2 protein chains.
Amino acid sequence: MPTAQPTPASNAPQLPHAAPPDVEIMTIGDELLYGQVIDTNSAFMGQELGKIGLRVRQISSVSDRADEIVAALDQARQRAQVVLITGGLGPTKDDLTKHVLARYFGSELVMHEPTLRHVEEIFKRFQRPMLDVNRQQALVPANCEVLHNAVGTAPGMWFSDQGTIFVSMPGVPFEMKRLMTDHVLPRLQAQFHIAPIEHVVVMTAGLGESFLAKQIEDWEDALPANIKLAYLPSFGAVRLRLTGSDDGLPDLRGRMLALLPALRERIGEYIFAEEETTLEAAIGQLLLAKGLTVGTAESCTGGMVAQRLTSVSGSSAYFRGGIVAYHNDIKQQELGVKSETLAEFGAVSEATVREMAEGARHRLGVDVAVAISGIAGPTGATETKKVGTVCLAYSDATQTITREYVLDRGRALNTEYAAQSMLTMLRQQLAQAEVRPLQV
Amino acid sequence: MPTAQPTPASNAPQLPHAAPPDVEIMTIGDELLYGQVIDTNSAFMGQELGKIGLRVRQISSVSDRADEIVAALDQARQRAQVVLITGGLGPTKDDLTKHVLARYFGSELVMHEPTLRHVEEIFKRFQRPMLDVNRQQALVPANCEVLHNAVGTAPGMWFSDQGTIFVSMPGVPFEMKRLMTDHVLPRLQAQFHIAPIEHVVVMTAGLGESFLAKQIEDWEDALPANIKLAYLPSFGAVRLRLTGSDDGLPDLRGRMLALLPALRERIGEYIFAEEETTLEAAIGQLLLAKGLTVGTAESCTGGMVAQRLTSVSGSSAYFRGGIVAYHNDIKQQELGVKSETLAEFGAVSEATVREMAEGARHRLGVDVAVAISGIAGPTGATETKKVGTVCLAYSDATQTITREYVLDRGRALNTEYAAQSMLTMLRQQLAQAEVRPLQV
């Protein structure tokens, strides 16, 4: 059997595109269509391609059927000059991408000796008997350039066919990521000389997408033609993403950052970070900067606020503890809520969360405590309080403030939004207030 | 402005397909192509469509550009008879799906009064001023049938065009899910007369997919040809789904249920339900049946165990409260953990979680308490305990038992798996042990 003769990418014909090429992502596998697996590979590829200035034109997920893969390849090459393919390279018989590609390019499968040795080494290392299906992992179409898969048995394959580049990678995320980083991204960068795209992200919480849009409308309308704004909402937070494409002028990023002061003037109080981060991480930064400790008292959220605060690595430096006071006995016994308060105002009231927050602050010995009580639903409504009513409190050495909201998203989402509202309130207070540590 | 005249789906022309139609999923949004958002909608739709016997032919993610959306629509209708579209229906200016669809179908946007009233109600409920962009959410193409969005402002839209059905839904997952369940799935079922598919689901926790597969290999191999088994793993639980397709014989479902006793013989101790439910809901059923109350003491999971137990509606009947004892002071002060225990064995030890569980049981006045302490990572390792070490305890009136595991998935997943292990241990103990209520 002949060995594959790879043609180095440098020898591949320079493609006739002055503009950066569009990229198409094709993920192969019935499990994607059945919804048994969520496609996270495309998001990773999209992010990495964006960083080197390549735009993803479309993402297509197709079945393991040969005819449908071929149809998708035909359409992809009409849209894009680079087609990145993942999946269908495993040893099991339902994985046939490799065979389809060989036929698609009128080529034949040949044994690639370096890959075969690599596969043999891997099996030797794990002291596993090597089966014939494993040997076949080293079979590749004769016309492809093999991309070494340092972390798996299925190699990547680079095809250059009539001005279109096709790259096939395994669907296993960490193998795909390694092939992208080791081979695909550097080769694409080398082959196309592209000016990079810049991204600037501003994280906001506490104001809905449409209200943000309204408040920054004039600012958005005045953006230069090469800078686009996208709103990326999720659970009571909105990520604003500026995408700047090269306009030939110097310091694109600097000019994008120069747009932010005017943005802060309009929505500064809702901005919790000017980088990709989480609300709880931003709260952690504020607490560390001010040398404050925090604790929680939760009823309806059942521990979600504490869990989010402790989801940040290093949170033990400022988070001491929390009380999940679901039953009123616990509210009284662990947080010192007065029975009269519960009797007069009810468990879901600003009076009760005030006592919960102050109780938690003293009980847990923290500088700042937050408290939340609500009716997540679907049951639990009273004649005075409807399902979705949530009361929040923030307490520090100088003040205790409370809020009441009504949510209507169903139990699970009411809980998520309640926790998000609690963290938003906590962050805004920490950012504004001159909170003095107890110790001082 | 005229009001949209919906054509009920029943009047829509019956499509000329004897076989069930193929479905195409189209997700719209630059954020998907940039990889800033992972498309989870498609997986949900694929699963739900599969349950009613419809196959997803292809999933395509396209940009917010009108011409590219139109091109994708043209191709989708060549592959499938049903095209489900999500995304691009928000109030902000980068969302234009609605306008593109109106033009694509040669229609015009008109005000849909019921939707307008629905949007107005939502804003009244939140006591927020309604902006013009919000009012525009009620604009729909005149030729569509409006699908009421019970949980959001952007309605679904059902188009029947030359034998192809197009349905547009918001990209916000919980809104899309609600529209699928309320409208899209029932209408598709009604419009195409599909031979019923039966599903039997068995929920397991505590044994990995490959070990399960091994233990039930003979049972799986003996399944009738028209009954297929799918393994749907997620976070320390594996859902086994039997899908039975019509074989002309009576009582398909009864014959599927008759397969379960043999399954129980093999993996009974890991089965927590024989219906779609959650581990925490199954625990709630056990607690209610036995008349027991429960409480939690958590360190590394920061409240996640309590949050999951309280995520079940009606959990206030058995969940009294929990202590998030992150700092050792809190472990001692709130749970009565001895300083000698912490000094000798450390915070992450079976001795400490034993005292945490017993402390929580007495402190919270509950029949059953669980406790968890671990090193979620990436920091916090000691010379004796590595990152990922997790200690669990279960305590009731008759016994306290402890376990130690080592996880290695990174902070977020370690926390998820630790909470899952804690709940799995709790369920298995409740199912086995003869736990007597304190009161008795």
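None of these values were measured; they are calculated from a predicted model. Excluded from the calculations below are hydrogen atoms, water molecules and symmetry mates; all remaining heavy atoms, backbone and side chain alike, are included.
With a threshold of 4.5 angstrom between heavy atoms, F319(A) approaches chain B through its backbone and through its side chain. In this structure, no portion of T296(A) lies under 4.5 Å from any heavy atom of chain B. Neither the backbone nor the side chain of R239(B) comes within contact range of chain A, judged by heavy atoms closer than 4.5 Å. Using a 4.5 Å cut-off between heavy atoms, E334(B) contacts chain A through its side chain alone, with no backbone atom that close. The part of R411(A) that comes within reach of chain B is its side chain, from C-beta onward, which places non-hydrogen atoms under 4.5 angstrom from that chain. Heavy atoms of A412(B) lying under 4.5 Å from chain A are absent altogether. Of the two parts of L364(B), the backbone and the side chain both hold a non-hydrogen atom closer than 4.5 Å to a non-hydrogen atom of chain A. Neither the backbone nor the side chain of V238(A) comes within contact range of chain B, judged by heavy atoms closer than 4.5 Å.
The heavy-atom pair separating A347(B) from N328(B) by the smallest distance is CB-OD1, 3.5 Å.
Enclosure of atom NZ in K214(A) is not indicated, since only 12 or fewer non-hydrogen atoms of other residues, nucleotides or ligands lie within 6.0 angstrom.
The existence of a salt bridge linking K124(B) and E121(B) is excluded, since no basic side-chain nitrogen approaches an acidic carboxylate oxygen closer than 4.0 Å. In this structure, R79(B) does not pair ionically with D22(B), as no charged nitrogen and carboxylate oxygen lie closer than 4.0 Å.
Counting only N and O atoms by type, the side chains of R308(B) and Q307(A) include no donor and acceptor under 3.5 Å apart. Neither side chain, Q78(B) nor D74(B), offers a donor N or O lying under 3.5 Å from an acceptor on the other.
When each of R55(A), M45(A), R65(A) is scored by its heavy-atom pairs under 4.5 Å with chain B, the top score falls to R55(A). Of the listed residues (D39(A), L212(A), T301(A), V23(A)), the greatest number of heavy-atom pairs within a distance under 4.5 Å of chain B belongs to T301(A). The candidate with the highest count of non-hydrogen atom pairs below 4.5 Å against chain B, out of S299(A), S61(A), G46(A), is S61(A). Counting heavy-atom pairs closer than 4.5 Å to chain B, the top residue among T40(A), L413(A), V37(A) is L413(A). When each of D30(A), I38(A), L32(A) is scored by its heavy-atom pairs under 4.5 Å with chain B, the top score falls to I38(A). Most heavy-atom pairs under 4.5 Å with chain B, from the set Q58(A), E298(A), R241(A), M26(A): that is R241(A).
Remark: side-chain polar atoms of Q333(A) are paired, donor with acceptor, to backbone N or O of R363(B) under 3.5 angstrom.
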